[in-house]
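Quick caveat: nothing in here was measured; it's all calculated off a predicted structure. We name chains A, B, ... by the order of the sequence lines, and we start the count at 1 in each one.
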There are 2 protein chains.
Amino acid sequence: MKENISGCSVEEAMRLIGGRWRMLLVSFLLEGPRRFNQLRRDVPNISQRMLTLELRALEEAGLVLRTVYPEVPVRVEYSLTPDGRRLEKIVEVLKEFGLWLKARPAA
Amino acid sequence: MKENISGCSVEEAMRLIGGRWRMLLVSFLLEGPRRFNQLRRDVPNISQRMLTLELRALEEAGLVLRTVYPEVPVRVEYSLTPDGRRLEKIVEVLKEFGLWLKARPAA
DNA sequence: CCGCATCCGAAACGATACTG
DNA sequence: CAGTATCGTTTCGGATGCGG
C-alpha cells in the first residue's frame, strides 16, 4: 500500500479533526483557556456528553491540555498545547470558507 | 439563536467538507478532471458506494461538476467548479498538517 | 464503464438522569 | 462545577448483487 502519497495525509488529518465539534472547540480555545461550562455556552448546541468526549479525544491526541485546580468547587481549565496551536491555520481557512458558504447565493 | 458568531462558520464548513473522503477526493480533482474508476484507483480504500455518494454530495453542493459523455461505453468525468476550487487552500493546509501529524514523535 | 439497491454492522451524536 | 451512565436515533461505511 503506497501510504506516502500526499492525499493520505489529508485523510489522516480529517480523521483527527473531522467531526462536527472538534474544530469549533479549538476555535474557541485559540482565544485562551476555557472552563467546561464556558465551552458549553460558547457552543450552545453541543451536548454535555459530546463536549466531554471531544475534549478527551483532543487531550489524548496531545492537542489540548486539561488542568484541574483542586478548589471547592473544583475548577477545570482546557487549553491548547503547542501542538494544538498548529490547528490555528486550519481554523482560519475554515472560518473564511464557512463565511463565504453562508454568503453565497446558490445554496 | 445567535448564528452569526464566527465559530458557527467553522461548524458549517465542517458539516460540508467533513467526513473521511470528501477532501481526499477534492485533493485529486484539484489536479484535473477524473473519471469514476480513476478515482477508485486514486483512493484505493473507498468503496464504490461511498465514491458515488460523496461525489453526488459534492455535486449537490455545487463544488463538483459531473459530465456524461454519451459514448459507448459511457464516459463520466468529474471536475471542480469554480466554487470547488475555493477548497484548494483548505486542502493545502490539511495536507501540511497531516504530514506533520505522521512525522511527529508522540503518537 | 458507471453506477444503483439492499442489507447490515459500526460509529457518531443526542436526551435524560444521576454523581462527587 | 464538571462530569458518568444509559439509552435511542441517525449517519457512516462496507459487502454483495443487479442493470443500462
Side-chain angles (χ1 to χ4, degrees), chain A residues 1 7-8 10-26 28-29 32-61 63-80, chain B residues 1 3 7-8 10-26 28-29 32-61 63-79:
Chain A
M1 291 186 258
C8 289
V10 174
E11 188 179 349
E12 296 238 349
M14 288 308 293
R15 287 192 89 99
L16 179 55
I17 67 160
R20 184 172 169 189
W21 305 115
R22 232 98 110 175
M23 294 313 285
L24 195 48
L25 292 173
V26 170
F28 286 107
L29 290 175
R34 289 285 185 281
R35 300 177 60 174
F36 189 84
N37 280 343
Q38 220 172 343
L39 287 169
R40 284 191 76 184
R41 283 187 294 276
D42 288 338
V43 188
N45 292 331
I46 198 171
S47 66
Q48 210 168 30
R49 171 191 148 83
M50 286 312 295
L51 183 52
T52 302
L53 289 178
E54 297 297 271
L55 286 172
R56 289 290 185 282
L58 289 168
E59 192 190 357
E60 193 178 359
L63 302 176
V64 158
L65 181 67
R66 180 174 182 268
T67 314
V68 182
Y69 299 92
E71 310 168 352
V72 180
V74 69
R75 183 163 62 97
V76 181
E77 267 191 4
Y78 295 90
S79 55
L80 290 178
Chain B
M1 290 186 260
E3 300 275 5
C8 288
V10 173
E11 188 179 351
E12 295 238 351
M14 287 308 294
R15 286 191 90 99
L16 179 56
I17 67 160
R20 183 172 169 189
W21 305 115
R22 232 98 110 174
M23 294 312 286
L24 195 49
L25 292 173
V26 169
F28 285 108
L29 290 176
R34 289 284 185 281
R35 300 180 57 176
F36 189 83
N37 281 343
Q38 221 173 341
L39 286 170
R40 285 193 75 183
R41 282 188 294 276
D42 288 339
V43 188
N45 291 332
I46 199 172
S47 66
Q48 208 169 32
R49 171 191 149 83
M50 287 312 295
L51 184 51
T52 301
L53 288 179
E54 298 298 274
L55 286 172
R56 288 292 183 280
L58 290 168
E59 193 191 354
E60 192 176 359
L63 302 176
V64 158
L65 180 68
R66 179 173 182 265
T67 313
V68 183
Y69 298 91
E71 310 168 349
V72 181
V74 70
R75 182 164 62 96
V76 181
E77 267 191 4
Y78 295 90
S79 55

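Nucleotide dC1(C) holds its C1' atom 14 Å from the CG atom of Leu39(B), rounded to whole Å. Rounded to whole Å, atom C1' of dA2(D) lies 10 Å from atom CZ of Arg40(A). Phe36(B) places its CZ atom 11 Å from the P atom of dC1(C), with the value rounded to the nearest Å.
Legend: residues meeting side chain to side chain donor-acceptor pair (under 3.5 Å) with Arg66(B), ordered by chain and number and at least two apart, are Tyr78(B).
Contact annotation for Arg15(B): no contact, since no heavy-atom pair falls under 4.0 Å across all strands. Counting non-hydrogen atoms under 4.0 angstrom, Tyr69(A) reaches nothing in the nucleic acid. Using a 4.0 Å heavy-atom cutoff across all strands shown, Arg66(B) reaches sugar-phosphate atoms only and no base atom. When heavy atoms are screened at a 4.0 angstrom cut-off, Gly19(B) is found touching no nucleic acid atom at all.
Side chains of Leu51(A) and Val43(A) form no contact here, defined as non-hydrogen atoms less than 4.5 Å apart. Considering only heavy atoms from C-beta on, Leu58(A) comes within 4.5 Å of Arg22(A) through its side chain.
Phosphate contact (OP1/OP2 of dT11(D), side-chain N/O of Arg20(A), threshold under 4.0 Å): absent. Contact annotation: Arg35(B) reaches the phosphate of dC2(C) (side-chain N/O to OP1 or OP2, under 4.0 Å). OP1 or OP2 of dC1(D) has not a single side-chain nitrogen or oxygen of Tyr78(A) nearer than 4.0 Å.
The residues Glu77(A) and Arg35(A) are annotated as not salt-bridged, no charged nitrogen and carboxylate oxygen being separated by less than 4.0 angstrom.
Asn45(B) contributes atom CG, which lies 6.5 Å from atom CD of Glu11(A) (distance to the nearest 0.5 angstrom).
For Pro73(A), whose side chain is taken as the heavy atoms from C-beta onward, the closest listed nucleotide among dC2(C), dA2(D), dC1(D) is dC1(D). Nearest nucleotide to the side chain of Trp21(B), out of dG13(D), dC13(C), dA2(D): dG13(D).
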Under the side-chain contact (heavy atoms from CB on, under 4.5 Å) rule, what do Leu55(B) and Phe36(B) come out as? Steps first, then yes or no, please. CA-CA 9 Å; Leu55(B) 286 172; Phe36(B) 189 83; 4.2 Å; yes
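Only Ser47(B), Arg49(B), Met50(B), listed by number, bring a heavy atom of residues 47-56 of chain B to less than 4.0 angstrom from any atom of DNA chain D.
Both the sub-6.0 Å distance and the 45° axial angle are not jointly satisfied by Arg34(A) relative to the ring of Phe28(A).
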